[in-house]
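All values below come from the heavy atoms of this structure, side chains included, with hydrogens, waters and symmetry mates left out.
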Amino acid sequence: MYSFSAEKDFKAYDDYLIANGGTYMQCSLWPEAKPAWSSHFYCGFEGEKRVFQCLILGRNLPTAGLIWYLPDGFICDYKNKQLIKEFCDFIKGEMKKNNVTALLTDPHIPLRINHEYQDEGLEAHKMLIDLGFKLNHNIENYIYKAPVQYYIPLKDKETGEQLTADGIIHKCEKGVRYSVRIGDQRGLTSRICSYEDVKNDPTLMDDFMEVMGDTSERNDFMERNAEYTTHLMEVFRDYMDLSLVYYDKSVDKALQDKRDEQVAANLKKMETCNEKQKKKLSNENEAIQQQTDNYMKRYELAKNFSDKEKFCVAGGLTIRYNGIAGCIFGGSRNILRNETRPSHFVNYLRLKKSVDLGCDIHDLGYIFVDETEHPADPDAPLSEFTCRDDFTGIRDFKASFNSDLIEFIGEYALVNNKFKFKCYNDFVPKARKLKVKVMRKIRK
């Protein structure tokens, strides 16, 4: 009924992807961002009509052999079980031909949204299990990312009208609203950089890597190096930018000088005004004193930097592709992190640009969760996740943006060699932990 073959027309491939809700990790550019992986594109037809396609990445791993990874699943109608069954029969032949240990995939289909089960996710999960896929309950062993993410809808769910960045922020938690509103009053300045900006001024990437180095010290995830990050920006140069927030001591000092001048002017007025006016001016000076106290904390923490210096305190990489703005990497430096709240400021920058470009969704990124197991029913959908301890702060930060919590249906494996796949399950988590330790020691 259906025919499948290797893809040769990549314009048609990307056109179909865009028309059918594909993601940047499924597009023809993604293999260029992952040069260590081999790439295989497949398409499927019903007669002359294109009805299916996918990208498969391949990599040989020690003890595990060749692993194929199909990022974000198939691009097709998941309700068409016959279509997917026929592709699975086709790909099993390809796997045997290429001696592939297993095909892994993590379909971009919600299982739960804000803890409520979605029929689409439950049906897709059941179909994959019926077709011979095994659900991977070992979250630590997921090949790319944990299936828990926070999405901010950028369009009204009823009317489809584009929301404004300020309107979205207005619905966020008080701390987010406050930090965004007064960020520039704390000496924060910002800019959004293209790949050309980074190419012409490599110090921009240096600034970002300092941020990410501090962030990875606080949280247990793999830090990407500057070479990989720059390469990613080059590949997605038409879809990607780098947002940076700086603390500028001279700007902060100038703002404080104005506050000092205001206090002095108020004191002078109080010498001749009536009691009611004195009370008002006194209250104003008390409020200014709180701002001054906060400034003195910032000044003390930044004492190792010259008074005219500015340094990066937060940054974030964003890919905006096919209506989804994906926050790829991001974080904040330890210095002044609690005093300026630059993460709120940098995420507002990213969000605002996503709105300006007409995106449908702003993906705040995934969180790491603990291992989830179901020994009684290994084929059941994943249970509720618990956030990994050192990621609770990131989870709460993302949730403070009044975002939707999306739990995707998980990672599935179509196994061709059971013994080598067991080796893969034993090897990958240990290798990943070792790599994190080595990279941290090298950085130190």
Side-chain angles (χ1 to χ4, degrees), residues 163-192 207 210-211 214 243-316 331-353 355-356 393 396-397 399-402:
L163 302 175
T164 66
D166 289 340
I168 293 169
I169 289 295
H170 184 71
K171 297 178 181 178
C172 294
E173 291 184 4
K174 183 178 179 181
V176 175
R177 301 197 308 268
Y178 181 74
S179 296
V180 169
R181 188 174 72 250
I182 72 162
D184 54 2
Q185 297 175 40
R186 293 171 170 170
L188 297 183
T189 62
S190 62
R191 65 176 298 183
I192 296 180
D207 290 343
E210 284 189 357
V211 167
D214 272 10
S243 301
L244 297 172
V245 172
Y246 292 87
Y247 173 69
D248 193 321
K249 288 190 73 174
S250 62
V251 170
D252 206 9
K253 178 66 166 57
L255 292 169
Q256 181 57 37
D257 289 344
K258 288 184 179 180
R259 286 192 286 268
D260 291 341
E261 291 172 4
Q262 186 62 50
V263 168
N266 288 349
L267 290 173
K268 187 171 183 63
K269 290 178 184 177
M270 289 169 67
E271 294 176 0
T272 57
C273 65
N274 59 39
E275 290 302 315
K276 185 176 180 180
Q277 291 172 325
K278 281 184 181 181
K279 180 66 173 175
K280 181 180 178 181
L281 292 170
S282 177
N283 289 341
E284 184 178 332
N285 279 356
E286 286 181 11
I288 292 175
Q289 185 59 47
Q290 288 183 341
Q291 294 177 313
T292 298
D293 292 343
N294 290 331
Y295 166 77
M296 295 308 297
K297 288 180 183 177
R298 296 195 295 272
Y299 190 83
E300 177 62 23
L301 288 169
K303 63 183 178 182
N304 293 331
F305 295 86
S306 71
D307 286 350
K308 293 185 179 180
E309 194 165 354
K310 74 174 184 178
F311 50 91
C312 194
V313 288
S332 57
R333 284 183 68 178
N334 291 331
I335 187 168
L336 298 178
R337 182 166 60 95
N338 294 324
E339 286 69 29
T340 60
R341 300 291 179 183
S343 291
H344 290 142
F345 205 61
V346 76
N347 274 282
Y348 174 69
L349 286 180
R350 303 164 91 176
L351 177 64
K352 187 175 185 305
K353 183 162 183 182
V355 169
D356 292 344
D396 295 343
F397 166 74
S400 67
F401 278 80
N402 190 39

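The nearest pair of heavy atoms linking Asn334 to Asp214 is N-OD2, 3.0 Å. Residues Phe401 and Phe397 approach most closely at CD1-O, 3.5 Å, considering heavy atoms. Taking every heavy atom of both residues into account, Leu244 and Cys312 meet most closely at CD2-SG, 3.8 Å. Minimum interatomic distance between Leu336 and Thr340 (heavy atoms only, all atoms of both residues): O-OG1, 2.8 Å. Scanning all heavy atoms of the two residues, the minimum distance from Val211 to Gly315 falls at CG1-N, 3.8 Å.
For the salt bridge (Lys or Arg N to Asp or Glu O under 4.0 Å) condition, the pairs that include at least one residue of residues 258-278, sequence neighbours left out, are Glu275-Lys278. Within the structure, ring-ring contact (aromatic ring centres under 6.0 Å, His included) pairs that include any residue of residues 262-293 do not occur (at least two apart or interchain).
Qualifying salt bridge (Lys or Arg N to Asp or Glu O under 4.0 Å) partners for Glu309, counting only residues two or more places apart in sequence or in other chains: none. Asp356 is linked by a salt bridge (Lys or Arg N to Asp or Glu O under 4.0 Å) to Lys352, counting only residues two or more places apart in sequence or in another chain.
The side-chain heavy atoms of Tyr247 and Thr189, taken from C-beta on, include no pair separated by under 4.5 Å.
A salt bridge between Glu210 and Arg333 is present, with a side-chain N of the basic residue lying under 4.0 Å from a carboxylate O of the acidic one. A salt bridge links Glu300 to Lys303: at least one charged side-chain nitrogen sits closer than 4.0 Å to a carboxylate oxygen. In summary, Lys253 and Asp307 do not engage in a salt bridge, as defined by a charged side-chain N under 4.0 Å from a carboxylate O.
Put simply, CG on Leu163 and CD1 on Ile169 are 12.0 Å apart, with the number rounded to the nearest 0.5 Å. Remark: Arg191 CZ to Leu349 CG distance equals 12.0 Å, nearest 0.5 Å. Lys353 contributes atom NZ, which lies 5.5 Å from atom CD1 of Ile192 (distance to the nearest 0.5 angstrom). Atom CG of Leu267 is separated from atom CD of Gln262 by 10.0 Å, given to the nearest 0.5 angstrom. One finds the CG atom of Asp184 at 5.5 Å from the CZ atom of Phe345 (value rounded to the nearest 0.5 Å). To the nearest 0.5 angstrom, Leu255 atom CG is 7.5 Å from Gln185 atom CD.
Within the 3.5 Å criterion, the main-chain N or O of Ala302 finds a donor-acceptor partner in the side chain of Lys249. At least one donor-acceptor pair closer than 3.5 Å links the side chain of Asn347 to the backbone N or O of Ser343. No donor-acceptor pair closer than 3.5 Å links the side chain of Arg337 to the backbone N or O of Ser332.
Each of Glu284, Lys280, Gln277 was compared with Asn266 under the side chain to side chain contact (heavy atoms under 4.5 Å, CB included) criterion, and only Glu284 meets it.
Remark: Phe311 CZ is packed, more than 12 non-hydrogen atoms of other residues, nucleotides or ligands lying under 6.0 Å away.
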Quick one: side chains of residues 287-295, donor-acceptor pairs under 3.5 Å with protein atoms, not counting sequence neighbours, listed by atom name and distance.
| residue | atom | partner | partner atom | Å |
| --- | --- | --- | --- | --- |
| Gln289 | NE2 | Asp293 | OD1 | 2.8 |
| Thr292 | OG1 | Gln256 | NE2 | 3.0 |
| Thr292 | OG1 | Ile288 | O | 3.1 |
| Asn294 | ND2 | Gln290 | O | 3.3 |

Distance-only donor-acceptor hits, side chain of residues 171-180, under 3.5 Å, sequence neighbours excluded:
| residue | atom | partner | partner atom | Å |
| --- | --- | --- | --- | --- |
| Arg177 | NH1 | Cys172 | O | 2.6 |
| Ser179 | OG | Gly175 | O | 2.9 |
| Ser179 | OG | His344 | ND1 | 3.2 |

Run Asp207 and Tyr246 through side-chain contact (heavy atoms from CB on, under 4.5 Å) and show every step you take. CA-CA 9 Å; Asp207 290 343; Tyr246 292 87; 2.7 Å; yes

